[in-house]
Asks: 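Once you've had a glance at the structure underneath, I'll fire off some questions.
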Amino acid sequence: MNDMNELKSTINALAVAGKGILAADESIGTISKRFAALHIPCTEETRRNYRELLLTTPDLEKAIAGVILFEETLGQKTSKGISFPELLKQNQIIPGIKVDKGLVSLPGTDEKSTQGLDGLAERLQAYKKQGARFAKWRAVFAITDKTPSRLAIQTNAEDLARYAAICQANGIVPIIEPEVLIDGTHTLEQCFNVSEAVLNCVFHKLYKHQVLLEYIILKPSMVTSGKDCTVQANHQAIAEATITMLKRTVPAAVPTINFLSGGQTPLEATQNLNAMHQVQPSLPWNLSFSFARALQEPCMAAWLGKGENVRIAQEIFLKQAKMNSFASLGKYV
Ligand code: 5MM
């Protein structure tokens with residue numbers, strides 16, 4: 001298969017109405033924090049056990065088209081000795097891989113950029129041999145009176161575009177994740193303005209780097225009030241603002257937009273996604289989810305690191321995935 005056919009078959013399998021992408025790509029630092037909050041020890045084996053719980057959930061493929069894995073998980077196996085990417089493939093779920101190497105300070109600012117471009121093509125080839133067909137790179141933008149700065153927007157957008165171009169050159173579909181952080185006291189309107197500026201710049205840079213928009217997945221944050229804003233926008237306002245912002249910035253050539261949940265509660269994330277389909281039933285792109293916390297939180301809390309809780313935790317996880325599948329069609333009630 002040449003690279004274009006590879007990209008086409010991967011995006012066709014991922015941009016499916018009624019299905020989303022599970023983000024299970026927490027780095028060791030992040031999963032340690034999630035486990036610590038529930039007093040679950042964090043070792044290579046507990047991380048493997050937890051990912052096995054998620055990925056062996058019966059019927060997961062009915063709601064989930066792809067899973068983003070962390071590098072460690074890509075190389076791990078189920079207790080029956082099947083590699084996780086192989087298990088997903090057997091269940092008609094596409095394996096993906098987080099390829100950024102995390103956040104670093106952006107000199108001259110109090111902001112962050114994302115590292116991981118050096119040697120990326122070689123890493124992608126190795127991940128591909130392990131079964132990965134798509135990748136993910138996350139950039140973050142904090143809202144304060146002074147941020148995001150023009151420099152942070154330009155630098156992160158440029159890096160996202162360079163990453164996406166390298167992915168496509170290697171037959172890997174890139175998930176482009178520009179996250180406008182929910183932390184802060186900002187209003188819905190401020191979030192709208194920042195999100196619009198960020199996505200505008202991202203698509204400008206994607207054009208400059210000749211990224212084929214037909215073979216990308218956009219993973220944005222929703223337009224919401226800051227977590228500590230005194231006035232919290234409701235689902236309808238969030239849905240209207242998010243759709244308006246996306247229609248102004250995201251070309252119709254993009255096949256699918258899969259939101260991150262970004263610290264919303266699982267219920268809020270589901271209701272907001274559902275509301276978007278209610279306010280605007282006909283959209284140029286598939287509009288779905290690529291949640292980590294909003295899919296996993298109730299399941300992890302039911303598991304608590306104990307083997308005897310695996311079955312109930314899987315039931316809860318599947319329920320969460322199905323609720324979001326319904327929301328991605330505007331059919332969550
Ligand atoms: C923003 O985080 C992404 C989506 O997760 P939420 O739905 O919980 O917001 C997520 O894919 C994230 O990028 C991964 O968990 C990896 O995060 P770290 O911080 O470990 O790189």
Side-chain angles (χ1 to χ4, degrees), residues 14 20-38 42 47 50-51 54-55 63-74 94-104 112-117 123 127 132 134-143 156 159-160 163 173-184 191 195 198 217-224 226-227 238 242 256-273 287-301 317 320-321 323-325 327-328:
L14 289 170
I21 295 172
L22 164 66
D25 61 320
E26 298 87 355
S27 55
I28 293 178
T30 303
I31 196 79
S32 301
K33 265 192 254 159
R34 309 265 185 267
F35 279 7
L38 296 166
C42 192
R47 294 191 291 273
Y50 178 61
R51 267 69 186 247
L54 295 177
L55 305 184
I64 299 293
V67 179
I68 317 168
L69 302 169
F70 182 58
E71 192 177 30
E72 176 186 71
T73 320
L74 194 72
I94 310 293
I97 174 79
K98 164 195 164 78
V99 300
D100 67 69
K101 294 261 182 198
L103 305 175
V104 286
K112 303 279 184 197
S113 68
T114 304
Q115 59 185 349
L117 286 173
R123 281 199 290 133
Y127 295 145
F134 69 101
K136 194 207 83 173
W137 178 287
R138 171 174 174 252
V140 299
F141 304 88
I143 305 182
N156 280 298
D159 290 348
L160 278 166
Y163 140 81
V173 167
I175 293 188
I176 295 165
E177 182 177 352
E179 178 177 7
V180 176
L181 297 169
I182 200 168
D183 311 285
C191 184
S195 303
V198 166
I217 295 168
L218 179 69
K219 176 165 170 169
S221 34
M222 299 180 191
V223 176
T224 64
K227 226 177 172 102
I238 289 170
T242 305
T256 185
I257 298 175
N258 293 63
F259 291 104
L260 58 92
S261 55
Q264 300 177 59
T265 66
L267 187 59
E268 278 166 357
T270 306
Q271 289 177 327
N272 288 334
L273 176 60
L287 197 72
S288 187
F289 60 93
S290 174
F291 302 153
R293 284 163 287 182
L295 281 169
Q296 297 182 46
E297 262 174 17
C299 159
M300 197 186 284
F317 178 51
Q320 206 62 33
M323 274 167 49
N324 285 297
S325 159
S328 73

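Counting convention: from 1, in listed order, for ligands and their atoms alike. In what follows, every heavy atom counts, from backbone to side chain, and hydrogens, waters and symmetry copies are set aside.
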Asks: Using ring pair (Phe, Tyr, Trp, His ring centres under 6.0 Å) as the criterion, list what pairs up with F70, not counting sequence neighbours.
Replies: none

Asks: Dump all N/O pairs between ligand 1 and the protein below 3.5 Å as a table: atom names plus distance, one pair per row.
Replies:
residue: ligand 1; atom: 7 (O); partner: S261; partner atom: N; Å: 2.9
residue: ligand 1; atom: 7 (O); partner: S261; partner atom: OG; Å: 2.5
residue: ligand 1; atom: 7 (O); partner: A292; partner atom: N; Å: 2.8
residue: ligand 1; atom: 8 (O); partner: R293; partner atom: N; Å: 2.8
residue: ligand 1; atom: 8 (O); partner: R293; partner atom: NE; Å: 2.6
residue: ligand 1; atom: 8 (O); partner: R293; partner atom: NH2; Å: 3.4
residue: ligand 1; atom: 9 (O); partner: G262; partner atom: N; Å: 2.7
residue: ligand 1; atom: 9 (O); partner: R293; partner atom: NH2; Å: 2.9
residue: ligand 1; atom: 11 (O); partner: D25; partner atom: OD1; Å: 3.1
residue: ligand 1; atom: 11 (O); partner: K136; partner atom: NZ; Å: 2.9
residue: ligand 1; atom: 11 (O); partner: K219; partner atom: NZ; Å: 3.2
residue: ligand 1; atom: 13 (O); partner: K136; partner atom: NZ; Å: 2.3
residue: ligand 1; atom: 19 (O); partner: T30; partner atom: OG1; Å: 2.9
residue: ligand 1; atom: 20 (O); partner: S27; partner atom: N; Å: 2.7
residue: ligand 1; atom: 20 (O); partner: S27; partner atom: OG; Å: 2.5
residue: ligand 1; atom: 20 (O); partner: T30; partner atom: OG1; Å: 2.6
residue: ligand 1; atom: 21 (O); partner: K98; partner atom: NZ; Å: 2.5

Asks: Do Q296 and L54 have side-chain heavy atoms sitting under 4.5 Å apart?
Replies: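 With C-beta onward as the side chain, the pair touches.
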
Asks: Does T265 offer a backbone N or O that forms a donor-acceptor pair with the side chain of E268 under 3.5 Å?
Replies: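 Pair found, side chain donor or acceptor close to backbone of T265.
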
Asks: Can you see whether S328 engages S325 through a side-chain donor-acceptor pair at a distance of less than 3.5 angstrom?
Replies: no

Asks: Donor-acceptor check, side chain of T256 to backbone of I217, threshold 3.5 angstrom: yes or no?
Replies: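 No: the side chain of T256 does not pair with the backbone of I217.
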
Asks: For S290, is there any backbone N or O sitting under 3.5 Å from a side-chain donor or acceptor partner on N258?
Replies: no

